[in-house]
Structures are given as C-alpha cells and as structure tokens.
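A note on names: the letters A, B, ... follow the listed sequences, proteins ahead of strands, and every chain is numbered from 1.
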2 protein chains.
Amino acid sequence: MANKAQRAPRRTEALSRDVIVQAAVAILDAEGEEALTLRALTVRLATGYGAIYHHVADRDDLLGAAADHVIGRVVADIGGVADPREALRAVAMGLFDAIAAHPWVGAQLTREPWRPALLDVYESVSANLHALDVPERAVPDSAGALVNYILGVAGQNAANARALAASKLDRETFLANVAARWAQLDPVRYPAMHKAGRHLREHDDREQFLAGIDLILAGIAAVNHT
Amino acid sequence: MANKAQRAPRRTEALSRDVIVQAAVAILDAEGEEALTLRALTVRLATGYGAIYHHVADRDDLLGAAADHVIGRVVADIGGVADPREALRAVAMGLFDAIAAHPWVGAQLTREPWRPALLDVYESVSANLHALDVPERAVPDSAGALVNYILGVAGQNAANARALAASKLDRETFLANVAARWAQLDPVRYPAMHKAGRHLREHDDREQFLAGIDLILAGIAAVNHT
DNA sequence: ACCTGAACACCGTTCAAGT
DNA sequence: ACCTGAACACCGTTCAAGT
C-alpha cells in the first residue's frame, strides 16, 4: 500500500470551459441529469471544485452550456435544405432526434428557453416560414406555435426517459406496463385513454411528432391562404 | 424570556394528506418551487418530518399532488361548454390561466405529464375532437399536438416566472431588458428576433397562446376535410 | 491566473423513540 | 396509528491558501 498522504493523480493539461462542458455532457448522457454533481466532475476531471468554478459560474450555467453544445450542432447541420417546408421538418426532426439521444436536453430547453441554441432555432423557423410566404405579421405566432410544440414534446421525452430510467425496466416491459395501466382505466370515464392503451404497441413517438408538425404547418397554410 | 427547554407549539387537529397538499400549494404560490422544503412545511404545519412522510411518499409525490390539486379544478370547471370548438379553447385558456397564476404548475406538468390531472385534459380534448367530427384514427395525433403545445407554453411560462423572480425586477423593466437584449442582436444574423425585440411591448402572451391553439385547430380541420 | 480541498450552509430522508 | 426530531448521507458553493 502507498503512503496514506498520497493524493489522487492531478491532471497536467490546463482545464478549460470546453473541456468541462464535454465532461458534463458525457456524464449526463451516461447517467442522467441527477448524476451531474460537482463532485462527479472533480473526479472525472481529476481536479478540485475551485478549478471548475473558475471556468463556470454555477451548475445551471454548466447545464445550459451543455445543452447549447448539443443543440448547436443540430441547427448548424440543417443549413443546406432548400425547400422551406422540408427545412422546417428537418429542424424539427433534428431536435427530436437530438433530444431522444440526450433526454436531459429536453428538460433543459423547457427550463431555460432563452438559451442561444434556441435563438437559432427560432430564427431558422421564422426564416423558413417567411420563405413559405407566411405574411410578416403572422410569422411570430406561427413560429411560436411550432417552437412551443417542439418544446412540449421535448419535455415529454425527457420525462419519459426519467421514468424509464427510474423504473429500471427495459423499454419493452416499461411500455407494456404503461399500456396495461391505461387499459385498466374506466372505459366510460376515460374512453380515449382506455383505447390508447390498446394501441400503444403500434405507437411511434417519432411519427406522432412529425404528424403534429404537419398539422401545425397545415394550419398555418389554411389560416394564411383562403 | 421562556425556559430554554420550551418547544414550538404543536398542532392539535390531526394532519392529513389534504392539509399538507394545501400548505404546499400556499408555499409554492407565495415563494416559488425552491421554497418548498420539508423544513418549511414542518414550520408552517407546526409538526415534524415524520408526520409529513406518514401522509406523503416524498417531495416529488407532494409536488405532483399539488399540481393535481390546481389542475383538477380547471378541468372540472369546463364541463358545461356545449360547442366543442369553444370547449377546446376553454380547456386551453383554463390551463393557461391556471399556469400563469401558479407558474410552478407549468414546470411540474412538463416533469410528470402522466399525472391524473393531465389524463383528464387529454380525455377532454379527445372527446371534443371527436365531437368536431375528427375521424377516430386522427384523434390521438391531433390531441397530442394540442396537449404538447399547451405543455410547451406551460414550460415557457414557468421558466419566465422563474427568471422574473430571480431578476428581482418588476415585470415592466424585466420585459424592457429582454426587449433590449433582443434588439441588440445582429439584424443580419437574427432578423426575426431583432424585429421581435422591437414589438415586445405590444406582445400579449395570452393572445399568442390562443392564436397557436386556433392554428392547430385550423390544421386539424384542413387535414381531415379537404 | 489557475488551482486545491477543507469547510459551510444547506438539502431530503430515515428511524428509534415516544404517545 | 400517528407523530417527534436528532442524525445521516448527501448536495452546491465559497475561500484561504498554495503554485
């Protein structure tokens, strides 16, 4: 055994905000939001608390930066789509997939919706609506409807991922449990949910999400053309 | 001064889950979500920790029950509206107003969307869509679009309320600050947000919310009738 | 400037002990 | 059954001290 005064090995390369954010993303992806503790970060980065606070204001700042890091890529990857309708669907799908892959991002977006990453989303949506010949004065409400819908789904996704993780079941049996609970609902008082319980197997979150986007786009077209 | 061994006066009436939930709602409304600590509850209820844990599983259970308590009333208060289109708008407006009055509810709904209260919302929305002659197989996606949109706005409202409280500014100057920050954005890279910054004064959250609901309803009508 | 890590001021939750 | 409150196992954050 080593001397008792021996300390954990310290890092040699300099710390930076970016290194910290990447470590945070890795922890969040691997173990979820509540696993991101300052202690876990000091261990992973082989450093002390003060070193982290030297580059980051507080835990919320870090969580926000981590979300920006993930979402930033999505918006950047869209640019090339020419057809505005397809571009809108691409932004929506890109966000959906990013949030499905990193559920903690969904929770973060609903918590701090004014983050730079969402600014770009808002801007991109607005520009594409403009390209769709939506009248100037109708753009803000239309963009708001789309973005708020996306944020709603994002929140749901995050909540589902949390529930799935907490249940410690695999996805299959977890869904079966949800379906069973719904199917047990009184079919007189809760006819729609009762029925949904019987169709959950063939339910596809991604398809339903896109259907919602198309519904809103159809509404925007209907309101502005007649 | 009294004896140092003197203790805080204890309550005489029995505690109950309902009394605890009401106390929680009072704290949440007055001081926001992070003010709801177990310690604050013991003080307010003049009791001990164990007494609370005897009626409530944990803090999350309590937060959920508090949200149900607020949302339950909203759905119950709608029932009477005959025209399905008006009933849908009434549900949406009821939720919006409840969340505006109790912003912590918005955060809670996005965190645990399977709560009983939301079940009733989903059911009510589905029934009214059915009454609007939306085909059976289109109801789930349509209801999902509406509910997810509502949840998205709910989350935004909660986030705005948190930011407003944290800023310790009054609503007026807080909005002016936001508008100023947006107006400062590069008008080339962020034309839509730049412009939005100049119109924030005349912006009405409630009106924009309803515009979104109408947009989605128009989309549902357009997709299903052609 | 950048980093260390003990210490501080909190949390939610438990549980032996009381009535 | 219902309640008490000290104690436990954590948090995020600070700051005097080091390099």
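Atom NE2 of residue B:His54 and atom OG of residue B:Ser16 lie 12.5 Å apart, to the nearest 0.5 angstrom. The CD atom of A:Glu123 lies 10.5 Å from the CG atom of A:Asn128; values are rounded to the nearest 0.5 Å.
Going from atom CZ of A:Arg39 over to atom C1' of D:dC11 covers 12 Å, rounded to whole Å. For the pair A:Ile20 CD1 and C:dC2 C1', the interatomic distance rounds to 11 Å; values are reported in whole Å. In this structure, A:Asp60 atom CG and D:dC11 atom C1' are separated by 14 Å, rounded to whole Å. In this entry the distance linking CZ of A:Arg59 with C1' of D:dT14 reads 18 Å, nearest Å. Distance, A:Ile52 CD1 to C:dG5 P: 12 Å, rounded to whole Å. Atom CG of B:Leu41 and atom P of C:dC11 are 12 Å apart (whole Å).
Between A:His55 and C:dC3 there is a side-chain N or O to OP1 or OP2 distance below 4.0 Å. Applying the 4.0 Å criterion to OP1 and OP2 of D:dT13, one finds that A:Tyr53 has a side-chain N or O inside that range.
DNA chain D is contacted by both B:Tyr49 and A:Glu34; B:Tyr49 maps to the nucleotide lying nearer its 5′ end (nearest heavy atom per residue). Looking at which nucleotide of DNA chain D each of A:Gly50 and A:Thr37 is closest to, the 5′-most match is held by A:Thr37.
Partner assigned to D:dG5 is C:dC15, using Watson-Crick or G-U wobble distances below 3.5 angstrom.
Between B:Tyr122 and A:Tyr190, the ring center distance fails the sub-6.0 Å criterion.
Within 4.0 Å (heavy atoms only), B:Leu36 reaches sugar-phosphate atoms of the nucleic acid but no base atom.
Of all nucleotides listed (C:dG12, D:dG12, D:dA1), D:dG12 comes nearest to the side chain of A:Leu38. In the set C:dT4, C:dA1, D:dT13, the nucleotide with an atom closest to the side chain of A:His54 is C:dA1.
Side chain to side chain, B:Gln184 and B:Arg181 fail the donor-acceptor criterion of an N or O pair below 3.5 Å.
Exactly one of A:Ile150, A:Ile71, A:Val75, A:Leu151 qualifies for a side-chain contact (heavy atoms from CB on, under 4.5 Å) with A:Leu118. That residue is A:Leu151.
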